[in-house]
Amino acid sequence: MNIPITILIRYDEIGLKGRNRRFFESCLLSNIKLALAGVEPMHFHMPHGRILIDTDLSCAEECTSRLSRVPAVASFSVGRKVEADFDVMAAVGREMIEPHMVPGKELKFCVRAQRSDKLFPHTSPEINFEVGSRIMHDLSPRGLTVDLKNAKFILEIEVGMKGIYIFDNRKAGIRGLPVGCSGNVLCLLSGGIDSPVAAYMMMRRGCRVHAIFFDNRTFLGRGGYDKVVKLGGILNRFQMGMKLFIVPFQDIQVAIRDNCKDKNRVVLYRRMMYRIAQAVAERNKCLGLVTGESVGQVASQTLENLAAVNNVVRMTVLRPLIGMDKQEIIGNAMRIGTYETSIQPQPDCCSIFMPQRPATRSRITDLEADEMAYPMETLGMQAIENMEVIEMGSLAVRECAGSSGPRPMSSPDL
Ligand code: ATP
Ligand code: MG
């Protein structure tokens with residue numbers, strides 16, 4: 001049997017956007033439509049300050065699981081349109097509450113009615129009382145109690161001009177801004193714990209995040225590649241449309257290892273990553289680079305070394321984790337679902353490519369001298385020419401119609 005439902009989506013930060021609000025709202029609406037693509041039936045409307053979706057009860061679970069990953073959604077709830085009859089309202093409310101009750105455990109609840117249809121013959125407190133007492137009559141023997149301040153389940157009733165709706169307990173969204181409204185960025189995604197969290201944090205600030213991975217498959221095998229593709233897929237569920245650039249990096253790492261001072265190696269690798277990332281970012285209309293760096297985490301991330309790395313690019317480098325400690329980052333990785341993949345064992349490059357004692361205070365003139373000792377530009381160009389591009393989501397497929405699968409790119413400005 002079809003049971004029509006309405007999903008109410010609330011957003012908060014967009015509401016503060018003044019005259020640009022329309023732009024942010026339409027960005028969010030198209031992201032929601034994209035996230036719910038394929039779920040039928042679906043009808044969207046957008047009364048002032050929120051989004052409503054009419055669909056069927058059979059789609060509720062799928063919709064709510066997808067909405068919980070859409071940045072800018074502050075909260076959402078599933079509602080049913082009901083007759084103006086307190087017995088019917090209470091019956092629907094009871095159906096919504098019952099699945100949340102655990103035998104032998106108390107559940108604190110309250111009813112919150114809002115009445116914009118002033119012709120409705122009862123005030124909001126009267127509606128609360130009439131519906132609440134009917135539900136209590138049925139469910140208090142099983143542990144339901146009323147608590148107006150600390151309710152764990154809030155049944156919301158809206159009495160409006162277009163009818164009466166009862167809404168289930170609110171589910172939290174991930175808040176932030178709609179992906180796309182801040183522009184594109186390119187994240188250096190390494191397969192570790194940090195960079196996926198950094199990518200996610202920028203998505204929540206309205207950026208569409210593309211990713212670039214520097215792959216040393218010759219020496220380290222396919223493990224890193226497989227991990228990054230998997231991480232890209234997990235991250236893309238928050239935004240759709242990610243492009244993942246895989247850059248062969250082994251020749252560059254070998255050249256640096258064999259021609260430059262040992263202590264400078266890590267910063268030199270990173271400077272090449274930044275240069276190549278900037279070239280790829282500019283060709284793909286990205287406005288900034290994103291990394292998972294955090295001050296002092298490892299030798300390459302002292303303030304001196306961060307400055308030495310930054311020195312080779314003109315593009316803004318965004319480091320959303322810069323002041324976070326590892327435990328905070330791990331907590332976030334667990335929440336967004338990347339942690340389990342990030343900790344999968346990966347071959348260790350330390351013995352082959354890492355110096356015994358990396359410099360913690362590299363000097364730029366010293367690094368530049370090292371960079372004269374290997375064919376930096378030629379190797380950089382070759383790496384980009386042999387780059388693989390993976391389109392991770394539906395948006396990108398539409399943007400670059402006809403270009404599915406790996407696609408080489410050529411001659412960047414390094
Ligand atoms: P993560 O920081 O993602 O956990 P990691 O610890 O292996 O991975 P770090 O040595 O901390 O990486 O490097 C700092 C940052 O440099 C990473 O967060 C990432 O943004 C970038 N980076 C390092 N290695 C790579 C790589 N092979 N490909 C792409 N980006 C990389
Ligand atoms: Mg790290």
Side-chain angles (χ1 to χ4, degrees), residues 185-202 209-232 234-235 243-253 256 265-281 286 288-302 305-306 308-310 312-313 315 317-334 336 338-350 352-355 358 360 383-384 387-388 390:
V185 292
L186 182 65
C187 179
L188 285 78
L189 192 65
S190 74
I193 296 169
D194 306 331
S195 43
V197 175
Y200 168 79
M201 287 175 76
M202 296 317 300
V209 178
H210 300 299
I212 186 165
F213 172 56
F214 296 91
D215 189 10
N216 188 343
R217 202 175 308 178
T218 317
F219 290 88
L220 307 177
R222 261 187 73 104
Y225 174 91
D226 291 339
K227 259 172 96 170
V228 166
V229 171
K230 199 162 171 202
L231 287 168
I234 297 171
L235 289 168
K243 289 186 212 173
L244 173 56
F245 303 93
I246 312 281
V247 180
F249 203 58
Q250 55 272 4
D251 293 349
I252 293 172
Q253 273 197 301
I256 292 174
R265 276 189 208 163
V266 183
V267 175
L268 291 169
Y269 300 149
R270 207 52 56 77
R271 277 161 68 97
M272 271 313 268
M273 289 183 193
Y274 269 49
R275 286 189 181 98
I276 293 172
Q278 173 172 265
V280 174
C286 293
L289 301 179
V290 179
T291 79
E293 288 157 326
S294 132
V295 170
Q297 192 187 80
V298 286
S300 60
Q301 293 168 36
T302 59
N305 283 350
L306 288 174
V309 172
N310 226 119
V312 300
V313 289
M315 188 171 257
V317 180
L318 302 154
R319 300 183 175 96
L321 313 186
I322 200 71
M324 288 168 77
D325 69 35
K326 199 72 188 186
Q327 282 313 313
E328 290 172 270
I329 299 169
I330 287 174
N332 283 326
M334 287 174 165
I336 64 173
T338 53
Y339 182 72
E340 287 303 323
T341 304
S342 291
I343 59 168
Q344 294 299 311
Q346 209 173 330
D348 188 3
C349 63
C350 293
I352 317 174
F353 291 104
M354 292 300 163
T360 51
I384 296 183
M387 180 168 75
E388 180 188 341
I390 300 174

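Just so it is clear, the structure is predicted and the values come from calculations on it, not from any experiment. Atoms within each ligand, like the ligands themselves, are counted from 1 in listed order. Heavy-atom basis, side chains included; hydrogens, waters and symmetry copies ignored.
- Which of Met273, Gln253, Glu293 comes nearest to atom 15 (C) of ligand 1 through a heavy atom is settled by distance: it is Glu293.
- For ligand 1 and Thr291, the ligand atoms under 4.0 Å from any heavy atom of the residue are 20 (O).
- Any N or O atom pair closer than 3.5 Å counts here, and Lys326 shares no such pair with ligand 1.
- Ring centroids of Phe353 and Phe219 are separated by less than 6.0 Å, placing the two rings close together.
- The distance from ligand 1 to the heavy atoms of Gln297 drops below 4.0 Å at these ligand atoms: 11 (O).
- Here is the list of ligand 1 atoms found below 4.0 Å of a heavy atom in Leu189: 28 (N), 29 (C), 30 (N).
- When all heavy atoms of Asp215 and Gln250 are compared, the pair lying nearest together is O-OE1, 3.0 Å.
- Which parts of ligand 1 touch Gln301 is read off a 4.0 Å heavy-atom cut-off, strictly below it: atoms 9 (P), 11 (O), 13 (O), 14 (C).
- Here the N, O or S atom of Asp194 that is nearest to the Mg ion (ligand 2) is OD2.
- Checked against a 3.5 angstrom limit, the closest N/O atoms of Ser195 and ligand 1 fall inside it.
- Contacts of Ile212 with ligand 1, taken as heavy-atom pairs under 4.0 Å, involve the backbone alone.
- Taking distance alone, with nitrogen or oxygen atoms compared against 3.5 Å, Leu188 approaches ligand 1 more closely than that limit.
- Of the residues listed (Thr338, Leu244, Asp226), the one engaging Leu231 in a side chain to side chain contact (heavy atoms under 4.5 Å, CB included) is Thr338, and it is the only one.
- An N or O contact shorter than 3.5 Å links Phe214 to ligand 1 by distance.
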